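Any value given below was found using the heavy atoms of this structure, including those in side chains, with hydrogens, waters and symmetry copies removed. Just so we're on the same page: letters track the sequence lines, and every chain starts at 1. Quick caveat, the model's predicted, so the values are computed rather than measured.
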2 protein chains.
Amino acid sequence: MMKNSFKSVIPETTLRRMVYYIRCLNSFKKEGVELIQSEDIAKKCGVKSSIVRKDLSYFGEFGVRGKGYDVASLLDTINGIIKTFGQMNAILVGAGKLGSAIIKHSSENFNVKIVAAFDKDKRKVNKIIEETRIYPLSEIEGIVREKKVKIAIIAIPPSDVQSVVDILVKAGIKAILSLALIPINVPDDVEVSFVDVLSEVEFLFYKLSLRRNR
Amino acid sequence: MMKNSFKSVIPETTLRRMVYYIRCLNSFKKEGVELIQSEDIAKKCGVKSSIVRKDLSYFGEFGVRGKGYDVASLLDTINGIIKTFGQMNAILVGAGKLGSAIIKHSSENFNVKIVAAFDKDKRKVNKIIEETRIYPLSEIEGIVREKKVKIAIIAIPPSDVQSVVDILVKAGIKAILSLALIPINVPDDVEVSFVDVLSEVEFLFYKLSLRRNR
DNA sequence: TTGCTCTTGTTATCACAATCACATAGTATA
DNA sequence: TATACTATGTGATTGTGATAACAAGAGCAA
Ligand SMILES: NC(=O)c1ccc[n+]([C@@H]2O[C@H](COP(=O)([O-])OP(=O)(O)OC[C@H]3O[C@@H](n4cnc5c(N)ncnc54)[C@H](O)[C@@H]3O)[C@@H](O)[C@H]2O)c1
Ligand SMILES: NC(=O)c1ccc[n+]([C@@H]2O[C@H](COP(=O)([O-])OP(=O)(O)OC[C@H]3O[C@@H](n4cnc5c(N)ncnc54)[C@H](O)[C@@H]3O)[C@@H](O)[C@H]2O)c1
């Protein structure tokens with residue numbers, strides 16, 4: 001039923017797991033594996049097989065009952081729906097310690113490519129980290145428009161975040177990932193998320209602390 | 001009703017937000033603010049005030065109707081329940097680019113303190129980053145036991161992660177935050193979580209891609 | 001064709017989380 | 001003391017996600 005069509009709203013949690021499924025499929029493909037089962041994906045991603053099947057079912061019916069999924073065609077179909085086709089270009093603002101670690105990380109991970117980095121420190125401008133050049137802030141708008149980049153990562157101190165966000169939004173960025181812990185104001189059509197290692201560590205502390213003591 | 005006692009199970013989502021509430025309260029306290037309302041916390045943390053009240057209510061009744069919350073006593077009470085008392089000691093394995101960015105980050109954030117870092121690279125051992133000394137892996141067990149550390153952050157390449165996890169678990173670590181994207185095997189009483197910038201970026205790509213096209 | 005095996009896709013259920021709306025209980029004022 | 005006012009705490013409701021269980025479909029063999 002409803003081949004190649006998909007539910008209009010896909011749960012956030014499903015979309016988060018799709019990241020791992022697709023990586024997993026690419027890795028199977030690279031190894032030359034042609035047919036896989038939901039259980040194989042599940043094991044490799046650390047989830048249950050029933051969740052894998054449910055998640056995939058939001059996008060359509062891709063498997064063969066009794067057999068499993070054809071790795072290549074499953075990848076093709078999903079790439080046809082989520083139109084990234086493996087290549088995801090992003091920019092980075094703030095080429096400090098954290099920023100350069102992220103550039104290096106992305107150079108090891110073929111999915112996301114940091115096509116340009118930006119920094120306000122003149123001494124850093126024009127340096128190249130792992131093939132990514134650092135530009136002055138004044139070039140954000142030009143490069144974003146030229147390369148049609150939609151996503152930006154921000155790795156600068158909290159105090160400067162909102163002013164940089166305003167520049168990014170004006171330049172046409174549609175999603176921002178911030179590594180600084182400060183609320184951000186953006187128009188409704190811009191997605192924002194936050195990632196912070198220490199918040200997660202504190203959360204783990206709280207969890208441990210509340211575990212035994214009632 | 002039930003003053004100073006709290007529900008046996010506090011939702012994960014609530015615990016995650018508590019991290020931000022407590023930071024927010026500390027910051028109000030530092031500014032000399034003595035009385036606040038759920039709305040103030042909500043604004044500063046980017047959530048709704050009804051959620052703040054509900055979250056706090058899992059721990060007890062701390063506010064005064066018609067007035068609000070006393071910042072100092074609310075902090076004291078929560079610190080009495082979540083027994084971290086502001087000081088949260090952790091260790092870090094992998095003092096590379098990412099690892100040193102995290103050490104620096106924690107030195108700017110008084111809550112989590114990285115009391116020791118570990119690296120297998122002999123050239124890095126005994127160096128000091130922002131007051132945190134780097135030790136060889138062989139000293140993990142001794143230092144973890146001596147300093148009674150319960151939480152570890154791992155910032156090394158995926159290939160080595162499981163072997164390091166085994167050492168950590170043996171040393172008595174009860175929660176692990178990994179920055180490498182590979183499933184980890186631990187006993188049931190050890191908490192594990194993952195943080196990854198690029199996964200979050202890919203998730204944002206998927207979200208954007210699925211937005212307009214149906 | 002029938003029957004057997006296998007794994008998918010889906011349904012039904014349960015668990016968890018967010019949100020609303022307001023009774024409640026305190027303060028402030030006169 | 002009465003009255004108005006204010007922000008909390010919570011019960012009820014809605015929404016969202018996870019899980020288990022199984023019917024449905026495909027392949028295969030005789
Ligand atoms: N979320 C996390 O998990 C996490 C982890 C580590 C650090 N951090 C935070 O990320 C931020 C950066 O950390 P870091 O270790 O890379 O610091 P850093 O000082 O090494 O680098 C910051 C860089 O940002 C640049 N910069 C500052 N203001 C700028 C602006 N307005 N526009 C463009 N560039 C600007 C600086 O020139 C510098 O190169 C800090 O606020 C830190 O607390 C977050
Ligand atoms: N999750 C994220 O958001 C994120 C971001 C950036 C990088 N990363 C990942 O984190 C890892 C580290 O990144 P990096 O930029 O710091 O790399 P890096 O090479 O600069 O540092 C890695 C460090 O780990 C040490 N190390 C390696 N194996 C070890 C072992 N078995 N025991 C102890 N120490 C060991 C190395 O000596 C080195 O100092 C990489 O796998 C990278 O892909 C994750």
(message) For the residue pair A:Lys44 and A:Phe28, would you count it as a cation-pi contact if the rule is NZ or CZ under 6.0 angstrom from the ring centre and within 45 degrees of the ring axis?
(response) yes

(request) Taking the side chain as every heavy atom from C-beta outward, state whether A:Ile103 and A:Glu131 have any atom pair closer than 4.5 Å. (result) no

(request) Would you mind reading off the distance between A:Ile41 atom CD1 and C:dT8 atom C1', rounded to a whole angstrom? (result) 12 Å

(request) Respond yes when some side-chain nitrogen or oxygen of B:Thr14 is under 4.0 Å from OP1 or OP2 of C:dA17, and no when none is. (result) no

(request) Specify the separation, in whole Å, of atom CG of A:Asp70 and atom P of D:dA26. (result) 16 Å

(message) Restricting to side chain to side chain contact (heavy atoms under 4.5 Å, CB included), what partner residues turn up for A:Asn89, sequence neighbours left out?
(response) A:Gln87, A:Lys113, A:Val115

(message) Under a 3.5 Å threshold, yes or no: a donor from one side chain and an acceptor from the other, between A:Ser199 and B:Arg16?
(response) no

(request) Mind calculating the distance between CD (A:Glu12) and P (C:dA18) to the nearest angstrom? (result) 12 Å

(request) Measure the distance from CG on A:Leu56 to C1' on C:dG9 and round it to the nearest whole Å. (result) 10 Å

(request) Round to a whole Å and report the spacing from CD of A:Gln37 to C1' of C:dG9. (result) 15 Å

(request) Mind calculating the distance between CG (B:Leu74) and C1' (D:dT8) to the nearest angstrom? (result) 13 Å

(message) Tell me if the CD atom of A:Glu130 is crowded by more than 12 foreign heavy atoms within 6.0 Å.
(response) yes

(request) Kindly indicate whether the side chain of A:Ile36, heavy atoms from C-beta on, has any atom under 4.5 Å from the side chain of A:Ile41. (result) yes

(request) Please report, rounded to the nearest Å, how far the P atom of D:dT19 is from the CG atom of A:Asp55. (result) 11 Å

(request) Using a heavy-atom cut-off of under 4.0 Å over every strand shown, decide if A:Glu39 touches base, sugar-phosphate, or nothing. (result) nothing

(message) Just the rounded figure in Å: distance from C1' of D:dG17 to CZ of A:Arg16.
(response) 14 Å

(request) Indicate, with a heavy-atom threshold strictly under 4.0 Å, whether A:Arg17 touches base, sugar-phosphate, or nothing. (result) sugar-phosphate

(request) Please check the phosphate of C:dT7 (OP1 and OP2 only) for any side-chain N or O of A:Ser38 closer than 4.0 Å. (result) no

(message) Please determine whether a side-chain nitrogen or oxygen atom of B:Tyr58 lies at a distance below 4.0 Å from atom OP1 or OP2 of C:dC16.
(response) no

(request) Among C:dG9, C:dA17, D:dT10, find the nucleotide with the atom closest to the side chain of A:Glu61. (result) C:dG9

(message) Has A:Ser209 got a side-chain atom pairing as donor or acceptor with B:Lys83's backbone, closer than 3.5 angstrom?
(response) yes

Identify the pairs formed between an N or O of the protein and an N or O of nucleotides 20-30 of chain C at a distance under 3.5 Å, and give each distance.
from, atom 1, to, atom 2, distance (Å)
C:dT24, O2, B:Arg65, NH1, 2.7

(message) Starting the side chain at C-beta, find the nucleotide from C:dA17, C:dT8, C:dT10 nearest to A:Ser57.
(response) C:dT10

